[in-house]
Chemist: 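Structure in structure tokens, see below.
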Amino acid sequence: MEKITDYFGSMVFDDRVMKARLPEKVYNSLKETIDKGTPLDASVADSVASAMKDWAIEKGCTHYTHWFQPLTGLTAEKHDSFITPSPDGRVLMEFSGKELVKGEPDASSFPSGGLRATFEARGYTAWDPTSYAFIKDGTLYIPTAFCSYTGEALDKKVPLLRSMDAINKQALRILRLFGNDKVQVVKTSVGPEQEYFLVPADLYAQRKDLIMSGRTLFGAMPPKGQEMEDHYFGTIKQKVSEYMADLDKELWKLGILAKTKHNEVAPAQHELAPIYSTTNIATDHNQLTMEVMQKVAKKHGLVCLLHEKPFAGVNGSGKHNNWSISTDTGVNLLSPGDTPHENAQFLLFLAAVIKAVDDYQDLLRLSVATAGNDHRLGANEAPPAVISIFLGDELTAVLDAIENDTPYGGTKKEKMQLGVDVLPKFRKDTTDRNRTSPFAFTGNKFEFRMLGSSNSISCANIHLNAAVAEVLKQFADELEKADDFNSALHELIKRTIRDHKRIIFNGNGYDDAWIAEAEQRGLLNLKTTADAMPRICDKKNVDMLTSHGIFTEAEIYSRCDIMLENYVKAVNIEALTMIDMARKEIIPAVTRFTADTASAVSVKNSVVSVACKYEKRLITMLSDLIDEMDEAVTALEGAVAELKTIDSTIKASEFVRDSLLPKMDSLRAAADKAETVTSEDYWPFPTYDKLLFGVK
Ligand code: ADP
Ligand code: MG
């Protein structure tokens with residue numbers, strides 16, 4: 001048996017490999033860059049490139065690629081071989097520092113929202129030494145950032161790194177105020193829990209909707225869904241278990257800390273959670289994880305669906321972004337400490353997150369907005385589209401006591417004085433859990449639960465880091481001026497709780513009453529991507545994001561445009577697929593079944609005169625449904641044609657929300673009704689029961 005410890009990270013050019021293969025001076029210099037963000041020494045690149053190449057070739061590589069994350073939400077790569085001709089007609093295997101550090105993919109077809117058109121046609125990729133290079137399928141992968149020639153970010157990595165810098169800078173100011181001058185770097189960490197579905201590959205291949213859009217656009221509910229709650233944490237089926245074992249192994253080779261796996265709520269739904277890591281690495285690893293999940297599934301005759309809502313009527317898939325801030329001295333700043341001093345610091349960071357989430361509800365909401373995720377949020381299986389924070393009863397009571405200057409706890413009858421008193425110990429166990437909250441405190445981290453399963457986690461973390469950095473900046477500005485730090489701190493926390501407690505909600509987020517209450521509290525309810533996305537261009541958001549250097553104004557407008565365009569395109573593809581399936585598959589099948597039923601009536605009557613009441617009723621019903629479907633398809637065709645005539649992206653997204661999606665719903669309703677009265681032998685593609693319960 002191969003031991004995990006033998007192959008874990010075997011495909012990664014990680015610290016162990018660097019230490020063993022790089023000259024000491026080069027290693028130390030690179031390590032400085034990785035740990036502290038000091039600029040890379042140019043002479044180092046050649047030496048690293050050569051060591052990387054030798055290592056990769058020993059492992060059977062012939063090619064290398066810069067690996068980047070354009071705004072499609074996927075990853076991109078362009079492979080080059082190491083070969084260079086030598087004068088004697090043979091080839092040498094070469095890889096220079098220049099090739100490591102900078103690449104120039106012909107990137108004109110990646111979305112840029114007009115950035116490249118305005119400034120410069122080409123884009124370039126730049127090595128991100130903070131994320132290890134790795135080997136996949138005989139190619140050396142080098143994680144890179146993707147920019148325009150004038151430096152505008154064309155990807156999801158650049159702004160993420162900028163947001164991590166911003167929060168580092170502001171958090172350090174706060175730590176210095178608490179007298180901490182040892183900490184040099186503050187980083188955010190993330191552990192993303194990834195949900196997914198597995199369906200048999202042969203059935204998948206028969207459904208155009210799954211192939212084209214990643215979700216079923218038609219399908220009546222089978223007799224059984226998830227109501228028995230027998231799948232959640234249930235015994236894992238043999239085939240799934242083999243898949244999961246293979247997946248773990250492939251991820252471990254890539255140094256990805258896959259840790260937890262289990263069945264989820266819906267039939268055929270599962271989850272994988274890694275051990276958390278620095279946000280930048282966690283993001284790269286999550287992109288890789290999604291890729292490897294799909295690749296390994298193929299080997300097992302399965303297809304891994306990462307769409308947020310592959311099936312109507314059962315739960316969709318999300319991604320829980322567990323997020324914390326910690327120092328290079330190993331202190332988690334979201335963990336309540338043991339001393340009054342640590343507690344006060346914890347409460348300040350907690351207050352900062354509370355204010356950040358309240359002030360930038362819109363940015364958090366829109367960071368997870370996609371056509372797919374719109375089906376999930378607020379559908380009683382995922383948090384609503386309204387952002388709120390769950391703190392748990394104990395912590396809420398502490399904050400109440402601070403806000404009102406009232407005693408906290410049963411034994412101690414004095415007011416809590418921050419910086420003097422010790423906080424009570426909070427429970428961190430699972431009893432204090434609320435799974436309906438979009439943003440929950442879970443003992444020493446926040447769990448942002450609104451992300452869709454196929455989302456890159458970048459956007460959510462860019463906006464979260466940015467919002468918290470902004471509030472930490474406001475706090476530091478105020479506290480740095482204070483004469484009496486402790487009392488200024490106390491007043492600041494009190495005021496923050498008073499002004500932002502509306503965002504705290506410990507009840508059931510799935511309850512309709514909460515949505516009404518949230519409205520009264522003045523919280524935003526941005527139901528769809530079309531509602532949410534344009535908010536990124538609001539002055540308050542543009543001011544904040546640009547002031548921390550996370551985006552330029554042009555980058556913000558271009559991103560808004562790209563995200564809305566993605567939304568419009570995704571739904572348009574779905575509409576076209578529905579039209580195709582309805583016209584070419586469903587209506588012909590139902591017509592055939594109706595005709596055969598009618599023939600049966602005449603055949604019967606040629607023998608003996610019978611009323612055929614059932615058949616005649618059925619024929620009428622099916623004929624009506626065929627008409628209904630035809631009318632719905634015609635209406636949808638009209639809407640698709642009209643969409644083409646709309647120039648403005650914002651108007652197009654509103655049209656998709658108000659016209660296209662409702663027309664798709666009408667067509668689906670008619671087709672799903674037809675499915676329930678049509679013989680199974682005639683139905684043109686595999687139904688929900690087979691897809692959801694087909695993996696043995
Ligand atoms: P749940 O009960 O929410 O499913 P899990 O035990 O599955 O919790 O953990 C969820 C994720 O949170 C894991 O990826 C874990 O590594 C991550 N996590 C734990 N502690 C932290 C932390 N301090 N910062 C960020 N993520 C964390
Ligand atoms: Mg979990």
Side-chain angles (χ1 to χ4, degrees), residues 8 160 163-164 167-168 171 185-196 231-234 236 244 247-248 251-252 254-266 269-290 293 315 317-337 342 345-346 349-350 352-353 357 381-383 389-392 395 426-451 453 455 457-458 460-462 464-465 468 509:
F8 185 88
L160 180 66
S163 77
M164 290 171 70
I167 203 168
N168 172 47
V185 187
V186 172
K187 281 185 180 171
T188 55
S189 303
V190 166
E193 302 166 53
Q194 175 74 49
E195 292 180 338
Y196 61 99
H231 194 256
Y232 191 48
F233 287 147
I236 299 172
M244 287 175 166
L247 175 60
D248 277 341
L251 294 175
W252 288 334
L254 291 168
I256 297 173
L257 295 157
K259 170 87 174 161
T260 311
K261 50 188 181 184
H262 60 80
N263 286 348
E264 260 300 329
V265 173
Q269 192 185 27
H270 314 280
E271 180 184 302
L272 178 146
I275 296 173
Y276 66 98
S277 50
T278 306
T279 308
N280 173 34
I281 311 288
T283 305
D284 285 1
H285 280 182
N286 183 250
Q287 292 296 128
L288 262 180
T289 299
M290 291 194 284
M293 284 170 105
N315 277 9
S317 299
K319 185 139 56 188
H320 294 172
N321 190 80
N322 294 273
W323 176 90
S324 63
I325 327 173
S326 52
T327 67
D328 57 351
T329 52
V331 176
N332 177 352
L333 298 171
L334 294 179
S335 188
E342 287 167 348
Q345 187 178 294
F346 159 70
F349 278 97
L350 182 73
V353 176
V357 173
E381 57 186 64
I389 299 183
F390 168 85
L391 285 183
L395 201 47
F426 307 115
R427 276 179 291 139
K428 285 187 198 168
D429 57 34
T430 46
T431 53
D432 206 9
R433 278 293 172 95
N434 175 332
R435 299 201 167 271
T436 65
S437 174
F439 203 91
F441 184 68
T442 51
N444 61 358
K445 63 186 192 295
F446 278 97
E447 189 170 353
F448 185 24
R449 300 209 182 97
M450 285 174 96
L451 287 76
S453 46
N455 281 173
I457 62 171
S458 285
N461 287 295
I462 293 167
L464 183 55
N465 292 343
V468 175

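Note that this is a predicted model, so its numbers are computed, not measured. Counting begins at 1 with the first residue of the sequence. Whatever order the structure lists ligands and atoms in, that order sets their numbers, starting from 1.
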Chemist: Heavy-atom distances under 4.0 Å are what count here, so tell me which part of Asn332 touches ligand 1: side chain, backbone, both or neither.
Modeler: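 Side chain only.
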Chemist: Could you check which of Pro274, Ala258, Ala273 puts a non-hydrogen atom nearest to atom 14 (O) of ligand 1?
Modeler: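 Looking at heavy atoms only, Pro274 sits closest to atom 14 (O) of ligand 1.
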Chemist: Under 4.0 angstrom from ligand 1, any heavy atom of Ile275?
Modeler: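 Within the 4.0 Å threshold, so yes.
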Chemist: So if I count the atoms of ligand 1 from 1 in the order they appear, which ones are less than 4.0 Å from some heavy atom of Gly191?
Modeler: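 Answer for ligand 1: 14 (O), 26 (N).
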Chemist: Would you mind running through ligand 1 and noting each atom that sits below 4.0 Å from a heavy atom of Glu447?
Modeler: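 Atoms satisfying the 4.0 Å criterion: 3 (O).
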Chemist: Apply ring pair (Phe, Tyr, Trp, His ring centres under 6.0 Å) to Phe448 and list each qualifying residue two or more places apart in sequence or on a separate chain.
Modeler: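 With neighbours one apart ignored, the set is Phe439.
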Chemist: For the pair Arg449 (side chain) and Ala382 (backbone), establish whether a donor and an acceptor sit closer than 3.5 Å, ignoring hydrogens and angles.
Modeler: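 Not at all, since once roles are kept as given, no pair shorter than 3.5 Å links the two residues.
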Chemist: Pair Ile389, Phe441 - check side-chain contact (heavy atoms from CB on, under 4.5 Å), show working.
Modeler: CA-CA 7 Å; Ile389 299 183; Phe441 184 68; 5.5 Å; no
Chemist: To the nearest 0.5 Å, how far apart are CD in Glu193 and CG in Leu451?
Modeler: 11.0 Å
Chemist: Have a look at Ser324, Ser335, Ser326 and point out the one with the heavy atom closest to atom 23 (N) of ligand 1.
Modeler: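 Nearest option to atom 23 (N) of ligand 1, by heavy atoms: Ser324.
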Chemist: With heavy atoms under 4.0 Å as the rule, classify the contact between Lys259 and ligand 1 as side chain, backbone, both or neither.
Modeler: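 For Lys259, no heavy atom sits under 4.0 Å from ligand 1.
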Chemist: Listed by chain and number, what are the ring pair (Phe, Tyr, Trp, His ring centres under 6.0 Å) partners of Tyr196, not counting sequence neighbours?
Modeler: His270
Chemist: Need the ligand 1 atom indices (1-based, order shown) with element for anything under 4.0 Å from a heavy-atom of Lys445.
Modeler: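 Here the atoms of ligand 1 in question are 12 (O), 18 (N), 19 (C), 20 (N), 21 (C), 22 (C), 26 (N), 27 (C).
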Chemist: Based purely on interatomic distance, does Tyr276 place a nitrogen or oxygen under 3.5 Å from a nitrogen or oxygen of ligand 1?
Modeler: yes
Chemist: Taking distance alone, with no angle check, do Ser189 and ligand 1 share an N/O pair under 3.5 Å?
Modeler: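 No, since none of the N or O atoms of Ser189 sits under 3.5 Å from an N or O of ligand 1.
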Chemist: Counting only heavy atoms closer than 4.0 Å, does ligand 1 sit against the backbone of Thr260, its side chain, both, or neither?
Modeler: neither
Chemist: Picking from Val190, Asn322, Asn321, what satisfies side chain to side chain contact (heavy atoms under 4.5 Å, CB included) with Lys445?
Modeler: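 That would be Asn322; it is the only one of Val190, Asn322, Asn321 passing the side chain to side chain contact (heavy atoms under 4.5 Å, CB included) with Lys445.
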Chemist: His262 vs Phe233 aromatic rings, parallel, tilted or perpendicular, using cut-offs 30° and 60°?
Modeler: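 His262 vs Phe233 ring planes: perpendicular.
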Chemist: Considering distance alone, does some N or O of Glu193 sit under 3.5 Å from an N or O of ligand 1?
Modeler: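 Between Glu193 and ligand 1 (N or O atoms, distance only) the closest approach is under 3.5 Å.
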Chemist: Let me confirm one number: the OG-NE2 distance from Ser453 to His320, rounded to the nearest 0.5 Å.
Modeler: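 Reported to 0.5 Å precision, the distance equals 10.5 Å.
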Chemist: Please round to the nearest 0.5 Å and tell me the distance separating atom CD1 of Ile167 and atom CD1 of Ile462.
Modeler: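 Result: 13.0 Å between the selected atoms.
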Chemist: Which one holds for His320 and ligand 1: side chain close, backbone close, both close, or neither close, with close meaning a heavy atom under 4.0 Å?
Modeler: neither
